[in-house]
Amino acid sequence: MPQILTINTGSSSLKVALYELSRELRLVLSGLVDRIGSGEGRLRLTDAQGATLVDQANQLIDHGSALQAVLAWLKAHSPDLTLAAVGHRVVHGGGEYREPRCVTPDLIADLRNLIPIAPNHLPQAVQAIEVVAQSYPALLQVTCFDTAFHRHMPRTAQLFALPRHFADEGLIRYGFHGLSYESIMEQLRNLSPKEAAGRVIIAHLGNGASLAAVRGGVGIETTMGFTPAGGLMMGTRCGDVDPGVLVYLLTEKGFTTPALNDLIIRQSGLLGISGTSSDMRDLLSRESTDPRAAEAVAMFCYQAKKHLGALVAVLGGLDTLIFTGGMGERAAPVRHRICEGLEFLGIRLDLHRNGAHAALISPEDHSPAGRAVTVRVMQTDEDQVIARHTGDLLERQS
């Protein structure tokens with residue numbers, strides 16, 4: 001049975017999933033290589049039921065060697081492996097790529113030109129594409145873009161208030177986490193077509209965090225902008241900041257451009273405010289004894305609530321609020337604090353359901369009439385979206 005391999009490269013991690021191309025996509029295995037380049041990397045693969053296939057330490061220096069290790073394991077331990085195509089998550093597609101595309105030399109050249117916009121993600125994606133091409137020269141590769149979901153935003157939502165020629169040169173708000181938002185909207189359409197056709201806000205809250213407003217199934221606004229560093233504060237990213245602060249750091253504090261980028265991307269957010277951790281689980285466990293941890297949690301929830309309110313205004317109301325991502329799916333206190341005080345918008349949580357991470361966390365008697373908002377917790381599945389797009393393009397090519 002032919003299979004599709006999906007590859008999702010992060011700044012220091014690589015996720016993979018293998019799907020069987022039967023009548024419906026069937027997950028065979030999934031895996032993660034994390035802490036790439038740190039000397040403390042680890043390769044974990046599990047089968048479709050979650051049973052561990054391999055869990056071993058690796059000193060993998062880059063994403064290329066990490067992917068080579070995964071491919072080598074697959075070749076050695078999967079005698080029936082018959083790859084039909086590989087699908088990649090690519091963080092940035094610029095203004096041109098609004099849908100999945102087959103890999104070509106021109107596309108790779110375009111991705112290289114976009115690296116200055118997403119320097120912490122695109123080089124890894126390009127490297128993964130090249131490793132697959134070296135191992136399987138004739139294999140179809142498909143790129144799925146995180147920015148594509150947001151390309152239908154109104155022009156006023158995409159522009160910065162800068163001289164027009166900058167927008168013509170591609171300096172606009174792109175938005176990210178698009179594959180996650182696409183996954184959630186697909187699931188919502190299957191679960192409740194009426195909700196999917198209404199006014200929806202999705203909060204993708206993980207180490208990278210953003211919110212998106214969706215009306216009639218179309219994304220009309222999001223919190224991230226030109227790069228994945230904008231919007232609300234995240235694990236190590238600062239989110240929105242007064243641009244004058246950046247000028248001040250450059251001119252008065254002597255920051256170099258690389259040092260400033262490192263500050264914005266790796267030293268800020270929850271880590272910068274707490275001084276100890278970028279992991280919300282750690283901060284929640286320490287907030288009663290560590291004022292800085294408590295302040296970091298409070299800031300994150302405040303900013304998420306502020307952005308949520310802005311998106312409700314853009315939508316002209318709200319019918320459904322969905323939490324996803326690591327924090328969104330598993331941090332009940334964060335969900336509670338974001339929603340607390342928003343009863344005037346029709347947002348109420350059932351505390352027991354929220355604490356149990358139920359799929360529906362608004363009250364059972366929360367009638368959809370009036371201004372009541374349905375609040376859900378949903379698990380995003382970017383890999384399945386990538387596999388589906390890859391399968392569609394594979395079918396068109398055959």
Side-chain angles (χ1 to χ4, degrees), residues 149-150 152-153 157 175 177-206 209-224 231-232 280 300-382 384-385:
F149 184 85
H150 307 289
H152 301 288
M153 291 195 306
H177 289 143
L179 295 171
S180 174
Y181 293 134
E182 186 177 350
S183 170
I184 294 299
M185 288 306 299
E186 282 183 4
Q187 294 178 55
L188 187 62
R189 275 190 287 271
N190 292 328
L191 180 67
S192 174
K194 184 177 179 181
E195 286 182 49
R199 299 166 297 184
V200 181
I201 290 177
I202 307 169
H204 178 111
L205 307 180
S210 69
L211 285 77
V214 184
R215 184 166 57 209
V218 178
I220 64 167
E221 181 57 279
T222 189
T223 54
M224 284 179 170
L232 66 153
M280 181 61 79
F300 181 87
C301 296
Y302 169 77
Q303 289 196 10
K305 180 181 295 190
K306 181 173 70 172
H307 283 289
L308 173 60
L311 294 183
V312 173
V314 169
L315 286 168
L318 182 62
D319 303 309
T320 305
L321 171 62
I322 301 170
F323 288 96
T324 191
M327 271 188 274
E329 294 168 25
R330 294 184 284 276
V334 171
R335 294 193 299 261
H336 171 70
R337 293 178 204 186
I338 291 171
C339 294
E340 191 176 25
L342 297 182
E343 292 81 6
F344 71 99
L345 293 176
I347 298 173
R348 289 194 299 127
L349 297 188
D350 179 303
L351 297 184
H352 175 73
R353 285 173 168 268
N354 184 51
H357 308 296
L360 178 68
I361 59 174
S362 45
E364 276 192 62
D365 61 352
H366 210 194
S367 167
R371 291 191 301 168
V373 174
T374 301
V375 187
R376 299 186 179 276
V377 177
M378 299 176 72
Q379 184 174 358
T380 190
D381 193 344
E382 297 170 327
Q384 189 175 60
V385 172

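Here the structure is a predicted model, which is why all the values come from computation and not from measurement.
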Strictly distance-based, threshold 3.5 Å: is any side-chain N or O of [X] a donor or acceptor partner for the main-chain N or O of [Y]?
X: S210; Y: T223; result: no
X: R353; Y: P363; result: no
X: N354; Y: I361; result: no
X: E182; Y: S180; result: no
X: S362; Y: T374; result: no
X: E364; Y: D350; result: no
X: T324; Y: T380; result: yes

Would you compute the distance between atom [atom1] of [X] and atom [atom2] of [Y] and round it to the nearest 0.5 angstrom?
X: L188; Y: I322; atom1: CG; atom2: CD1; result: 4.5 Å
X: R348; Y: L342; atom1: CZ; atom2: CG; result: 13.0 Å
X: H150; Y: I220; atom1: NE2; atom2: CD1; result: 12.5 Å
X: L211; Y: L205; atom1: CG; atom2: CG; result: 6.0 Å

For residues [X] and [Y], report the shortest heavy-atom separation together with the two atoms involved.
X: G355; Y: A332; value: CA-CB, 4.0 Å
X: A157; Y: E221; value: CB-OE2, 3.7 Å
X: A304; Y: I338; value: CB-CD1, 3.6 Å
X: A331; Y: H357; value: N-CE1, 4.2 Å
X: R335; Y: M327; value: NH1-O, 4.4 Å

When V200 is tested against each of L318, D319, T320 for side chain to side chain contact (heavy atoms under 4.5 Å, CB included), which residue passes?
-> T320

Sole candidate of M224, H177, E329 that passes side chain to side chain contact (heavy atoms under 4.5 Å, CB included) when paired with H204 |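 With H204 as partner, M224, H177, E329 yield a single side chain to side chain contact (heavy atoms under 4.5 Å, CB included), made by H177.
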
Do [X] and [Y] have side-chain heavy atoms sitting under 4.5 Å apart?
X: T222; Y: M153; result: yes
X: E195; Y: R376; result: yes
X: V334; Y: F323; result: no
X: I184; Y: M378; result: yes
X: H336; Y: L351; result: yes
X: V373; Y: L345; result: no

Under 3.5 Å, which donor-acceptor pairs do the side chains of residues 305-316 form with other protein atoms, sequence neighbours left out?
residue : atom : partner : partner atom : Å
K305    : NZ   : R337    : O            : 3.3
K305    : NZ   : E340    : O            : 2.5

Residues passing the side-chain contact (heavy atoms from CB on, under 4.5 Å) test with H152, sequence neighbours excluded, are V218

Could you tell me how the ring of Y181 sits relative to the ring of F149: parallel (under 30°), tilted (30 to 60°) or perpendicular (over 60°)?
-> tilted

